[in-house]
Amino acid sequence: MQHDQLTDYPFARDSIIDPAEDLARLRAAAPIHRVRLAGGGQAWLVTRYEDVRVLLGHPAFGTGYPGSIPEADEDNLAAGFMFLKDPPDHTRLRRSVTRAFTARRVAALRERAQAVTDALIDAMLAKGPVVDVQEEFAYPLPITIVSELLGIPDADRDRFRGWADIVLRSAGGDVGAAFADLQRFVVRLVESKPNGDDLLSELARRSGTADGLTRIEVSSMAMGLLMAGYVTTASAISHGLLRLFSDRAVLDGMREGRVEVERVVEELLRLQDEEVGIQRIAQSDVEILGVRIALGDTVIASRVGANRDPAAFTDPDAIAVTGERGPHLAFGHGIHHCLGAALARMELAVALGTLVRRIPGIRRADPPHEVRWRAEGMDVSIERLPVTW
């Protein structure tokens, strides 16, 4: 296959936990391919592990279009998202938040994550014998933890989650109005700081100092952390559980303590197949992987392709609970490596480890309680995951 022969992307698929066959076909044929995007336009797709690492670490590729740097304000906090910034702005923003997003803070949240997890499981057991684990567990856990991280007052959390659900989950309602309400709420929340011991309070206390962020930058950071830490973590929980249901030996090993939960979490992150890819924009004409990329061209790094590359991982489609594995790319690579990786790992370990321990017989519910998922353009997600025990 020629690298410039157009292929439709995202690929058509018939499984939520296994990638489309086209991905492996393209990965074997050539390191980079031209694809036609579902929303219009074209891009280059990179699918091999080493090539994805090269792309994500390459200085010629950025997150925005050259010369297009919108300014964030109270009505457009998204323009200030750190993961949409390139150096030097990205460097400054990341340095500031990294100092506040400490291992100590994540460790302190683990106790809360365990308490929230136990309470949600208590509610599931009381509600059973068939429960939608996506709605009753996977969504409530991360939104509660991100609320704790940001210091959302208890009295405001229902409103906060309501807006977040509309914006990030398409859970009914006017998305535009909910996003505007959420932005106003976050700006007011930041203005009410810095008297707490949460992440936003610490960032707000530094506002105005030489290495501090402005009020709008702190607000953008809060919105970015919400968007990165809510639905993505919920999807990882339900996707991981669904995969464990197809590998009972691993699930039983976790329950009996013979298999390390953290090791399984790493494998589930590697195998997760609910995302489309990381987009980068060429900031200049550049040659990469033997192809000339023009200024402004979009290049997509397929984490799914990289994380299942047989050149990088032996038996790449299986959960390996023993032996050595190289680092996966579920959290990206390079300067944009996910800041919340440690938090996500902690939540997944607590959530999945506790579920299989406290509900040893947990499994997919039999028909008519079917798993419901969707793959519409760039949106690939589990919508309903009924379980029983």
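In this text the structure is predicted, and so the values were computed from the model without any measurement. We count residues from 1, following the sequence as given.
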Checking N307 side chain against R303 main chain: does a donor-acceptor pair fall under 3.5 Å?
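Judged by distance alone, yes, a pair lies under 3.5 Å.
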
Contacts under 3.5 angstrom, residues 362-370 side chains, donor-acceptor by atom type, not counting sequence neighbours:
residue, atom, partner, partner atom, Å
R363, NH1, G361, O, 3.4

Quick one, [X] and [Y] - any side-chain contact, counting heavy atoms below 4.5 Å?
X	Y	result
L141	T117	yes
L199	F101	yes
P87	I335	yes
H336	L56	no
V130	V387	no

Pairing donors with acceptors under 3.5 angstrom, does anything connect the side chains of T298 and Q279?
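Absent: no donor and acceptor within the cut-off.
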
Residue pair D165 / Y230, side-chain donor-acceptor N/O under 3.5 Å:
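Side-chain D/A pair, D165 to Y230: present.
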
[X] bridged to [Y] by N-O distance under 4.0 Å:
X	Y	result
R357	E256	no
K85	E217	no
D273	R308	no
D181	R159	no
E135	R384	no
R48	D309	no
D198	R105	no
E74	R188	no
R358	D118	yes

Residues which pass ring-ring contact (aromatic ring centres under 6.0 Å, His included) with [X], listed by chain and number, not counting sequence neighbours:
X	result
H328	none
F11	Y9
H333	none
F81	F83

Using every non-hydrogen atom in the two residues, find where I288 and H58 come nearest and quote the distance to one decimal.
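Where I288 meets H58 most closely, the heavy atoms are CD1-CD2, 4.1 Å.
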
Closest contact, heavy atoms only, L26 versus H33
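L26 and H33 have their closest heavy atoms at O-NE2, 2.9 Å.
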
Do V167 and Q183 pass the side chain to side chain contact (heavy atoms under 4.5 Å, CB included) test, and can you show the C-alpha distance, the side-chain angles, and the key distance before you say yes or no?
CA-CA 11 Å; V167 171; Q183 288 191 127; over 6 Å; no

Side chain to side chain donor-acceptor pair (under 3.5 Å) pairs, two or more places apart, involving residues 344-356:
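Pairs touching residues 344-356 that pass the test: Q114-T354, E266-R345.
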
